[in-house]
Amino acid sequence: MTTRYRVEYALKTHRRDQFIEWIKGLLAVPFVLHSQPTGVFEARGTVADMAAEACRRYAEIMKDVEEMIDDHINHQDDGLQHQSKLKLLVPSIGNFFTRLPLAEAFKYQDSLRFISSRRFVPPSFNDIRLILNTAQIMGVAAAGALDLATFDGDVTLYDDGKSLEPDNPVITRIIDLMSRNTKIGIVTAAGYTEAERYFERLYGLLEAIRDSKVLTIEQKHNLVVMGGESNFLFEYSISSPHLLEWVPRRSWILDDMLTWSEPVIQALLDKAEAALNECITNLSLSALVIRKERAVGIVPTIQGAKFPRESLEETVLVVQKILEMSPVSKTLPFCAFNGGNDVFVDIGDKSWGVLVCQKYFGDRLGRSIEGKRTMHVGDQFLSANGANDFRARRVATTLWVANPDECVTLLDEVAEFMRAAERKRV
Ligand code: IMP
Ligand code: MG
């Protein structure tokens, strides 16, 4: 029998972030107690008074959560993260790479979004997502320099399926980071084996780096593209026709990836392809199966046609489950995700992609690049099932954006807080 729990799980868990929902619940209490919806027709206290009180209470709660995260980090340091109070309250919580100054971040976002002044709309999912982003930027700034910034492509740097064109405002922000010696990795699921294809998607940025007057030649070469999540590496090369040069796998592969043998890879992709075909039949999808060297996916048969969102989600969850149950997935990481209007299964995932960038640039620096000095910016964090940026949380701090404009705003925040932290240190 299908229990209520299973229905709830199947319907909701893959579309919720437990930590954000939990904070939202905590902030709902002061909202109910202190907001004054009757203020719109009754003169009882000023909005400013109400906002000041609500702000104080929200900030207190955020401070309490901040301290709970500090306690979790202390447990982490002792290898006891599974016993922290936060873990008990939010079982899906992972590891933190830095402190999160949530109270300060709340005040910052409140000054931009006027959360405390609202009388009818409580602190929302997006309010909290943005507070967490700000807190993470503040945390990285306080912990030291940002050695490596990695970016997802679609929906993060440019709109879904589009390219990074010369007028994209993110370009000047990325060049600013590079001028401060931050290394850049574009860690995208888009899996191509030729530099030309990535050039087509990223040419605005690649050409701006070539033409930049502020970057040194050495800084210009501090960019890599990691394609297919963790499968194809290209490094910036000013002398190459497409400004990117293929890096042979043997020169960047991590020791832990050596066991990813070709027969196992093909066996996993066969299984995934069969599962995708099953979904095409069951959901009557008008889809083409695309099989690549390190991926298999479905796209609409007719260009421009849209799959129903529910069918995409169902397909991801079915394929994910079938692969998880199969012995071949026990020895090989994979990532099944909903790309907005396609579903792909890639070998490896973005945690491996970011790890490779950390090691690749770490070798150049002669020291390892730690998670607390790495920031991955992406749009797909909703849950392990069906979201590919989520996996990067295993190895780096992360920022969760909803669209490319937010990515630009966040990079301005990064510059602001990094500079403030530098000023504090001198
Ligand atoms: P991302 O947002 O940069 O990670 O790119 C994800 C999108 O890349 C997917 O939605 C697909 O449309 C596209 N894509 C192209 N080739 C591949 C592949 O081999 N694996 C996964 N996604 C791919
Ligand atoms: Mg994306």
Side-chain angles (χ1 to χ4, degrees), residues 149-164 168 170 174 184-202 204-205 223-234 265-266 268-269 272-273 276 287-301 303-307 309 311-313 315-316 319-320 323 333-354 356-357 376-383 386-393 396 398-407 410:
T150 59
F151 296 89
D152 162 58
D154 294 53
V155 188
T156 300
L157 292 177
Y158 37 83
D159 287 331
D160 200 15
K162 298 289 187 309
S163 299
L164 211 169
N168 189 325
V170 84
I174 293 181
I184 305 293
I186 313 279
V187 181
T188 170
Y192 315 126
T193 45
E194 313 92 39
E196 191 177 355
R197 297 294 305 277
Y198 288 109
F199 180 80
E200 281 166 16
R201 303 294 302 272
L202 302 168
L205 174 64
L223 178 141
V224 294
V225 176
M226 170 48 86
E229 321 266 1
S230 53
N231 286 304
F232 313 106
L233 190 70
F234 293 82
I265 288 172
Q266 295 312 320
L268 190 132
L269 292 179
E273 187 172 340
L276 286 169
L288 274 181
V289 176
I290 302 203
R291 175 84 177 237
K292 299 187 176 183
E293 192 185 311
R294 292 277 174 122
V296 58
I298 54 167
V299 298
T301 312
Q303 224 188 357
K306 287 252 165 255
F307 290 131
R309 178 178 58 76
S311 301
L312 290 165
E313 288 185 4
T315 304
V316 172
V319 174
Q320 169 96 24
L323 291 179
F334 70 92
C335 178
F337 76 101
N338 168 358
N341 198 31
D342 50 42
V343 172
F344 269 92
V345 178
D346 289 313
I347 300 300
D349 62 46
K350 290 200 183 185
S351 70
W352 293 95
V354 174
V356 168
C357 295
H376 177 75
V377 189
D379 66 293
Q380 292 224 353
F381 284 101
L382 211 42
S383 124
N388 60 356
D389 293 302
F390 182 90
R391 304 287 178 90
R393 280 199 186 147
T398 52
L399 302 183
W400 181 351
V401 299
N403 54 54
D405 288 342
E406 262 190 26
C407 181
L410 274 185

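Indexing begins at 1, ligand by ligand and atom by atom, following the structure's order. Along the sequence shown, the residues carry numbers beginning at 1.
Atom 18 (C) of ligand 1 has its nearest heavy-atom neighbour, among Gly297, Gly161, Ala189, in Ala189.
A donor-acceptor pair is defined here as one N or O able to donate and one able to accept, closer than 3.5 Å; no such pair exists between the side chain of Asp346 and the backbone of Gly297.
Not one N or O of Asp160 is nearer than 3.5 Å to an N or O of ligand 1, by distance alone. The shortest N or O to N or O distance between Asp379 and ligand 1 is not below 3.5 Å. An N or O contact shorter than 3.5 Å is missing between Phe344 and ligand 1 by distance. Between Ala295 and ligand 1, a contact under 3.5 Å exists for no N or O pair. Considering backbone and side-chain N/O of Asp154, one or more are found under 3.5 Å from N/O of ligand 1. Between Gly153 and ligand 1, an N or O atom pair is found at a separation short of 3.5 Å.
Taking the Mg ion (ligand 2) as the corner point, the angle from Asp152 atom OD2 to Asp379 atom OD1 is about 70° (rounded to 10 degrees).
Counting heavy atoms under 4.0 Å from ligand 1, residue Asn388 touches it through the side chain alone. In Asp342, the part holding a heavy atom less than 4.0 Å from any atom of ligand 1 is the side chain. Only side-chain heavy atoms of Lys350 come within less than 4.0 Å of ligand 1; its backbone N, CA, C and O stay farther off. Counting heavy atoms closer than 4.0 Å to ligand 1, residue Tyr158 contributes nothing at all.
Per residue Asp154, closest N, O or S atom to the Mg ion (ligand 2): atom name O.
Ring pair Phe381/Trp400 is tilted by interplanar angle, where 30° to 60° counts as tilted.
Shown are Asp159, Asp160, Asp154; of these, the salt bridge (Lys or Arg N to Asp or Glu O under 4.0 Å) with Arg201 is made only by Asp154.
At a threshold of 4.5 Å between non-hydrogen side-chain atoms, the residues Glu200 and Tyr192 do not count as touching. Looking only at side-chain heavy atoms (C-beta outward), Leu157 and Ile174 come within less than 4.5 Å of each other.
Distance check for Asp160 against the Mg ion (ligand 2): none of its N/O/S atoms falls below 2.8 Å. Look at Asp389 and the Mg ion (ligand 2): no N/O/S atom of the residue is under 2.8 Å from the metal.
At least one heavy atom of Asp152 sits less than 4.0 Å from an atom of ligand 1.
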